[in-house]
Structure formats: structure tokens, C-alpha cells
Amino acid sequence: MFTRLCLGVILAWLAVSPAHAENHFVRNQNEYAHALAQIEAGDVIILANGVWRDFEMVITGEGRADAPITIISEEPGKVFLTGQSSLRIGGNYIFVTGLIFRDGYSPRGEVISFRRNKQDLARNSRVTEVVIDGFSKPDRYESDYWVGLYGQSNRFDHNLLVGKTNKGVTLAVRLDSEESRENNHRIDHNYFGPRPVLGSNGGETLRVGTSRYSMFNSNTLVENNIFDRCDGEVEIISSKAGGNIYRGNVFLRSRGTLTLRHGDGNLVERNVFLGEGKDYTGGIRVINQHQTVRHNYMEGLRGTGFSSALTVMNGVPNSPVNRYVQVLNAHIANNTVIDSRRITLGAGADEERSAPPIESVFANNLLGGLESGTFIEVDADISGIAFSGNRITTGNVHSALSDMPRAPVAMERAENGLLYPADEALSALGAPRDLQPVALDQVGVNWYAKPSNDTPFATSGNVTAVAAQENALVAAIANAETGDVLELAHGEHVIDRTIQLGKAITIKGATQEDGQGAVLMFSRPSLFELREGGNLQLINLVIDGALAPDSVGNAVIRTTTYPIKSNFQIEMDSVQVRGLVVNKSFNVLTLGKSTLADRVLIRNSSFSDITGAVLSASAETEDFGQYNVEYLDIIDSAFNNVGGPVADVYRGGRDESTFGPFVTFTGNALSNVGLATTNGSGASLNLHGVQTTKVARNAFFKGAPLRIVHTVGTPVTSVEGNAFTQTAKPVLEELNYEGEPRVLMAGNVLDGEPVE
């Protein structure tokens, strides 16, 4: 419907345009350049359907409100800009619609730029119904923007942006010139689709301003957009300027918060945050002065600290613009927080951030937390916040708020899908009843599908039997579609080449008979090499390294030497790996630079006679806060005669923009692990800079010690119920924190004696 409306608007414009206005139908870049050279107000350039490869498209000119210069596709969704392509818009009253950027990346710093150059900024221009899908730089740490907004009074609406995998903001409003300040831009009805975890700072979905220009007002309106699974980093929206309005947006299962990071006098109202219980989903974080947060709805959020449902930060006295300005005159009223883990007041309080919020109001909010833990946490002096008219329905609160009214409230779900008090006498509390969350079919485009919720494995339903014949598995993988399951027959499956995997595949052994199972053997340095799009699930298999050659960098599974843009998953369930002894550093899994696994899962598996590490995730050593694995779960597995650590996970530096890594290591048995002279960590399990760690109910026997090093932030680490036998005491270190290691040690024994 919206496409027809756009076309109707264009036809209406044409009807009132000067008689000499022309339509230019162009089939290639030469014809486009010729048309551009003679474009005038009211003219339309129509791009022919098809693929426009390596097209650095530029449009500029002087349109008018009643006669814009228009770029449109022959048919919506049938013009593809691929390869190294981009779009730059200058001039006045320019209208662009109907394009798809896919299968490539911009050779510039932006895919779409609302300026032709620093002198020619866009004004009164509009980009609508444009798609940018996976148009990311090949190296995840090479930065760019997908959209850069400059100039004055521009609109970016009804677009679909999904799958940005490299560093840099998805959409940035730039204030680096006087002509781009107090800009009155409008960003509305866009679908910001899944943005995977970046594993580094620089993964915001939307940013308005920067710290350098945060003293200026932007006056940008961001309304009625959907942010779906935008997980890039701690800040989904980073507001770094003043005078902005964030209204009517919906955040679905997105890790992080709408953060008022810099700049004063912003308004955040009538937004809806639905976490659905997903880790680190958050709401709104308040910093700086004269901020208003009202009439917002938050449900099912699981973030804490900086990613709480509501966070009011402590500031830095006399803060420089790039740190944390003290909260002053914040007005936080009539918000609903329900079924959420945490509200944090005075967050981030430390020796530097010692200025508490002052002259602020927290009123008429309806607040409901989880039954366990502390729902409202107070980390600093909150005497500068005036509390009135609030109601806590569930959850424990800090003693500083013990007098806040508490009572259960019956809640009913209204037609808009949100929960409200059943008692009309409480109608003045929380979010307003006339909220109408923007729907998925009201944002983006209707001719390009939004991403599904499919998991990478076993999504197609196709199961293929693979005979125990040399290279039969190679052929089966070549013919498989992503999501297929390959079921290996009993016997030896010998592979004479490295299988380069660029799709999601499950490989499982058939049910064993008479103790005979499927055994994978390989005669190259690696069995699998993950490439772009590769995801691997192994179930009920034996992997034997007896045929592997002596080669530097041996690994059963490794990532390609080139950067991988997209995140991936590796799962091993009921897998036996043995005999990786041909050289001194034969790993099971090796994750290389510029790669990030969303999850590595190992369970019910066994590993024996391995000279290297089971998982090496330590390639990002520059100490910029980058790392190789988000979630690592090693559960109910056995490790015997492993020379390196079971897992070597490294995240260096002091950046606080990411949540991970997360490591769960429970119910495992380790014997003679980590003692090889080539093990530089000197540990059986080496966790450096991991943010959340659980090491529980494991048995460590005759091996190297457990080693945990904290580097940044407020790590959550527990070591509980483990038995250490003929093994050194765990090594616990703090690099940037003065005090005892922040590790919960409970119920552990060392050679039969309690060790804490």
C-alpha cells in the first residue's frame, strides 16, 4: 500500500510541475550520468529493473517543494545496487525510492549519504522504501555508516535495514558542520532488523550526534520505528546531542538500551520495549541534564546495570564532554516496567563517577520486577531524586527505597497488547492506555521480507543419509542446502580435503548398533573450515586425528584466514574427539581474527589425547575490547590428556560497550589438562576479560590451575562446588580494580579441604 501512496505522491508532484519537466528512463550508468547532467526541478530519473553493479550513485540539484527531483526504480524492489556501490545526495528537494543495496559493500564511509561532499549537503530531501540488506564491509572491524544524515530538514522513512555486521553505526545523524545542527530531520517508520553482536564498541543501530558536538542541539525526531533484535552493543540508540524527540518506537528482543549518552533537553516518550525474557534486553538510560522520560512501556526485560529497564547514571564532577555529565533535572514519570529484572539508580558509581543525580523527579511509575534478586538497585546517593506516586507491584528493592509504596496489582492485557492495572483507580499510574505500538506491517517496505526467527540448524527438514565411503560426506555437503541434516552411516568416513563450509549444516551419526558408530577421519590439517555463512552442528560422532598430517595450525574446525562478516554457531553434542597428537599444538576448535561465534556449545562429549586446546578463542589481542565468542557453554563433558587449556578465551582492554563474553563451564571432568610446555597460559581453563562466568560442579585432577583475569567493568563470576585434586589453587587476578578479586568462591575443595 505504501508503495502505491509514494507513486501517487510522485504523480501528484508531476502534475503540478512545470511543463518542461521530463522523465528520464535509464538502463545503465552512462545513461544515468547523461540524465543527471540535464536534470531540473520536477524531473524524474527512472532506473531500469536489474542489477546495477559498482554504481557510486550521485544525485544533486535544485528541486522545489512542488517540483522535487526524483530517483525511482522502474518497479519497487527490482533495482539492485551490488558490488561496491553507494548513494550520495546533495541539493534541495531530492526524492529517492525503490532501491535495494545487497551483495556487496560501500567503497566509501557510508552506503547512503545525505551529502554529495562537504559543501553540498542535502536539504528538504527524502529517502523512502529503500532496502539495505547485509551490505557490510568484509572485515567486521572496518568501520562505516549505512546511512549518514547531514544538512537540514531531511526525512528517512519506511526503509528496511538489516544485517549490519561490521563496525560503525547503522544510521548516524552528523552535526560536524554548522549547517547540520538544529537540523529538524525526521526518522520514522523504518524497520531496523537484526544486527548481530559485534563483539566490540561501535555497534550502535542509531546515533544522533557525537561527544565532540554534544553541546549543540540536533532537534531530530525519531518516531514509530521498530528495532528488532538489534544486539550490536550496549547502546541501541545513542543520543549524543540535545533537543531530540524519541517517540513511539518499538524495541523487540534487542540487547541494550536507548541511551541519553550526551546532550541535554531530550524527550523520550511513548516507546515500547518488549524483551521477551532475552538476556540483556534493556530500556532507557539517563545521563546529562533536563531529560524527560515519560509514558514508556517496558516488559520482559532482563538487563541489569547499564542495560536495566530504567537506569539513572552517576556522573563525573565537571565532566568533559566525552565522559558522564551529572544527571540534573531529569523528569521520569508515568512509565510502566513489568516482568523485568532491574531498575538501577546511581549506576556506575565509582571514584570517577562520583556525582549523584540531583534536582530530579521520579513520579507515578508502575514498577514490577522478578521474584528473585533485587529489582530496584541503588548504587549511590539518591537524595537528589524526589519520589512520589510510584507503585511497586512485585520484586525486592534496595533499603534506600523501603518506604516506596508496595502492593500487588492485578494486571490485564488490553487490545493494544500491553498490560494495565485492572483497577481503574490506578489508571493514573504508568504508561497511558491509548498507546498504540507501531506494527511490523507499518514499517519498512511491503515488497521485501523481514527476517524470520529461524535457528541456523535443522530448519529445512531435509535429512540425507551418507554412506561410509571416502569423501561421500564432501559430496553430501556440496549438494546440501542450509539447514539440512546429514546422517552418517556406521563405519569410517575418510575425508581427503578440508571441507569449506558456507552454510548451516547438521552432521549426525546414525543410532549405534553393536557399539559401532560413525567415525570421521581426515588427512588434511583441518577437517572443516568455516567461511561466510557457515554454521556447524555435530551430533553423535567420533572424530579421530590418526590420519592428519603434521602441519602448523592443525585444528579439527577452524575459521578461514579471511575475516568472516556474519556471526556463526558451533555445537558439539555427544561427540568423541581423540588422537590429535601429530604435532605439539593440535586444537579442536580455532577461531581466528575478525570472527565472532554467537555461541559455541559442547555437551555430553569427550576429548582425549589432544596436544593443543579444545577451544582457542584468543585471536583478538589488541586490547580494544574485541573477542571471538559471545556465549561459550561447556557442559557435562570429559577431558583427558589435553595439553592446552580446555578453553582459552581472551577479551582485552577497558571498553564497556559490550556484554560478553559469557562462559558457562559446569559438570565437567578434567584429568591431566593444561600441562604442555606449549601452553602459554599455564591454565586448564583460561578466561581473560570474560564478563559473566560460571564454573560449577567440575572435577579438576592432576592438571594446571583454573585461571580467571578480570579487566573491565563489573564482572559477574562464580566458582562454586568444584573439586581440585592434585591441582594448584585457582588463579584469580584483577587488572584494573584495586581490591580482592571479585569472584564468588563457594563450596570448592582442594585435595579434600575447603578452598575459598
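Evaluation of the side-chain hydrogen bond (donor to acceptor under 3.5 Å, both in side chains) rule for Arg253 yields Asp228, Asn453 as partners, not counting sequence neighbours. Taking Ser574 as the reference, Asn604 meet the side-chain contact (heavy atoms from CB on, under 4.5 Å) condition, with sequence neighbours excluded. Partners of Ser551 under the side-chain contact (heavy atoms from CB on, under 4.5 Å) rule, at least two apart in sequence or in another chain, are Pro525, Asn554. Every residue meeting the ring pair (Phe, Tyr, Trp, His ring centres under 6.0 Å) condition with Phe273, not counting sequence neighbours, appears here in chain and number order: Phe251. Under the rule for a ring pair (Phe, Tyr, Trp, His ring centres under 6.0 Å), the partners of Tyr280 that lie at least two apart in sequence or sit in another chain are Phe659, Phe662. Checked against side-chain contact (heavy atoms from CB on, under 4.5 Å), Thr611 has the following partners two or more places apart in sequence or in another chain: Val581, Asn583, Phe586. Take Thr344 and apply the side-chain hydrogen bond (donor to acceptor under 3.5 Å, both in side chains) test, not counting sequence neighbours, and it matches Ser308. Evaluation of the side-chain hydrogen bond (donor to acceptor under 3.5 Å, both in side chains) rule for Asp636 yields no partner, not counting sequence neighbours. Taking Tyr650 as the reference, His688 meet the ring pair (Phe, Tyr, Trp, His ring centres under 6.0 Å) condition, with sequence neighbours excluded.
Using a distance-only test at 3.5 Å, with no hydrogens or angles considered, no donor-acceptor pair links the side chain of Asn567 to the main chain of Asp598. Between the side chain of Asn201 and the backbone N or O of Glu656, no donor-acceptor pair lies under 3.5 Å. Glu204 contributes no side-chain N or O that, together with a main-chain N or O of Glu235, makes up a donor-acceptor pair within less than 3.5 Å. Judged by distance alone, the side chain of Asn587 and the main-chain N or O of Ala613 form a donor-acceptor pair under 3.5 Å. Asn722 places a side-chain N or O within donor-acceptor distance of the main-chain N or O of Arg697, the cut-off being under 3.5 Å.
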*What's the verdict on salt bridge (Lys or Arg N to Asp or Glu O under 4.0 Å) for Glu620 and Arg140, showing C-alpha distance, side-chain angles and the deciding distance?*
CA-CA 12 Å; Glu620 304 293 353; Arg140 66 188 306 110; over 6 Å; no
*Test Met298 against Ile284 for side-chain contact (heavy atoms from CB on, under 4.5 Å), laying out the working first.*
CA-CA 9 Å; Met298 299 98 161; Ile284 301 164; 3.5 Å; yes
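A distance of 10.0 Å separates OG of Ser566 from CG of Leu530, quoted to the nearest 0.5 Å. Between the CD atom in Glu352 and the CG atom in Asn314 there is a gap of 11.0 Å [rounded to 0.5 Å]. Taken to the nearest 0.5 Å, the CG atom of Leu401 stands 11.5 Å off from the OG1 atom of Thr374. Here the CD atom belonging to Gln537 is positioned 8.5 Å from the NZ atom belonging to Lys508, to the nearest 0.5 angstrom.
Ion pairing between Glu622 and Lys593 holds under the 4.0 Å rule for side-chain N and carboxylate O. Remark: Lys694 does not engage Glu720 in a salt bridge, criterion side-chain N to carboxylate O under 4.0 Å. Ion pairing of Arg302 with Asp279 is absent here, as no side-chain N (NZ or NE/NH1/NH2) approaches a carboxylate O to less than 4.0 Å.
Within the cation-pi definition used here (under 6.0 Å to the ring centroid, within 45° of the axis), Arg261 qualifies as a partner of Tyr324.
For Arg578, the CZ atom sits in a packed shell: over 12 heavy atoms of surrounding residues, nucleotides or ligands are nearer than 6.0 Å.
For residues 732-756, there are no ring pair (Phe, Tyr, Trp, His ring centres under 6.0 Å) pairs, not counting sequence neighbours. Residue pairs meeting the ring pair (Phe, Tyr, Trp, His ring centres under 6.0 Å) criterion with at least one partner in residues 707-732, sequence neighbours excluded, are Phe700-Phe724. Within the structure, the ring pair (Phe, Tyr, Trp, His ring centres under 6.0 Å) test picks out the following pairs touching residues 593-627 (sequence neighbours left out): Phe607-Phe639.
Side-chain contact check for Thr666 and Thr664: no donor-acceptor pair (N or O, by modelled atom type) lies under 3.5 Å.
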